[in-house]
Amino acid sequence: MINAIILISGVGTNATSIIKETKFGILKNKINIRYVISNNKKASGIEKIKELNIKTFTIPSKNLTRKEHEKLILKCMKEQNTNIDLIILAGYMRILSPHFVNLYKDKIINIHPADTEKYKGLNGYKWAYKNKLEHTFITVHFVDEGVDSGKIIAKKKININNLTLNQIIKKGKKIENKFYPQIINQLLD
Ligand code: GRF
């Protein structure tokens, strides 16, 4: 069993889906999600995660520098006194500093709602929609010091031809929720 944590900022559909797989599905007896951290007090995902009996921490980042905020995260992790093998970013809306990334080198992964080689940054589905793409991708990648620039672990193609933006988001998220745990599983193997 490896110890992992998840960092979120929002609704946490990927986080809840990964947690469910660790409890009842493909990640059972493989990953122990020790706790989930949100940097956003209003992250609705936290309630759903608590219902799954996972420990949660809210460590607000508002008005803090990256360094100040990460110091609090590292303090929290130290207090939990568990060696963390994998940090899963799931809709975590902060860029991690090179210092943090280097502390957990090759142990931080992220899911991005586009092909990171074609589009980095926020609102990947909107980018695909605005560019009238027939298909787009979801990317799971390692986190390095840049923005969405880490080594790609896997990509999944989604057909979005003739869909509205809302339909693209709905379809994409549903696929992400399955794809992310699957790729984490492959990574462990
Ligand atoms: C997902 O679209 C993910 O690809 C992106 O942020 C969104 C998070 O969604 N990085 P959720 O909070 O997991 O529902």
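All ligand and atom numbering here is 1-based and tracks the order in the structure. Atoms considered below: every heavy atom in the structure, side chains included; atoms not considered: hydrogens, waters and symmetry mates. Worth saying up front: this structure is predicted, and the values here are computed from it rather than measured.
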Participant: Nearest 0.5 Å, please: how far is OG1 in Thr139 from CD1 in Ile183?
Facilitator: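 One gets 11.0 Å once the value is rounded to the nearest 0.5 Å.
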Participant: When the side chains of residues 125-133 are checked against the rest of the protein, which donor-acceptor pairs come out under 3.5 Å, sequence neighbours left out?
Facilitator:
residue	atom	partner	partner atom	Å
Tyr125	OH	Gly172	O	3.4
Tyr125	OH	Glu176	OE2	2.5
Asn131	ND2	Trp127	O	2.7

Participant: Should we count CE of Met93 as having more than 12 external heavy atoms under 6.0 Å?
Facilitator: no
Participant: Just checking, is any N or O donor in the side chain of Thr82 or Asn3 under 3.5 Å from an acceptor N or O on the other one?
Facilitator: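 There is no such pair between these side chains.
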Participant: If we ignore angles and hydrogens, is there a donor and acceptor under 3.5 Å between the side chains of Asn102 and Glu145?
Facilitator: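 Distance-only check passes for Asn102 and Glu145.
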Participant: Cluster question for you: counting only ILVMFWY and a side-chain heavy-atom cut-off of under 4.5 Å, with indirect links fine, are Ile59 and Phe100 together?
Facilitator: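 Both belong to a single hydrophobic cluster.
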Participant: Could you tell me, for ligand 1, which of its N or O atoms are under 3.5 Å from any protein N or O, listing the pairs and their distances rounded to 0.1 Å?
Facilitator:
residue	atom	partner	partner atom	Å
ligand 1	2 (O)	Glu176	OE1	3.3
ligand 1	2 (O)	Glu176	OE2	2.9
ligand 1	4 (O)	Ile111	O	3.4
ligand 1	4 (O)	Glu176	OE1	2.7
ligand 1	4 (O)	Glu176	OE2	3.2
ligand 1	9 (O)	Lys173	NZ	3.2
ligand 1	10 (N)	Ile111	O	2.9
ligand 1	12 (O)	Gly12	N	2.8
ligand 1	13 (O)	Thr13	N	3.3
ligand 1	13 (O)	Asn14	N	2.9
ligand 1	13 (O)	Asn14	ND2	2.9
ligand 1	14 (O)	Thr13	N	2.9
ligand 1	14 (O)	Thr13	OG1	2.5
ligand 1	14 (O)	Lys173	NZ	2.9

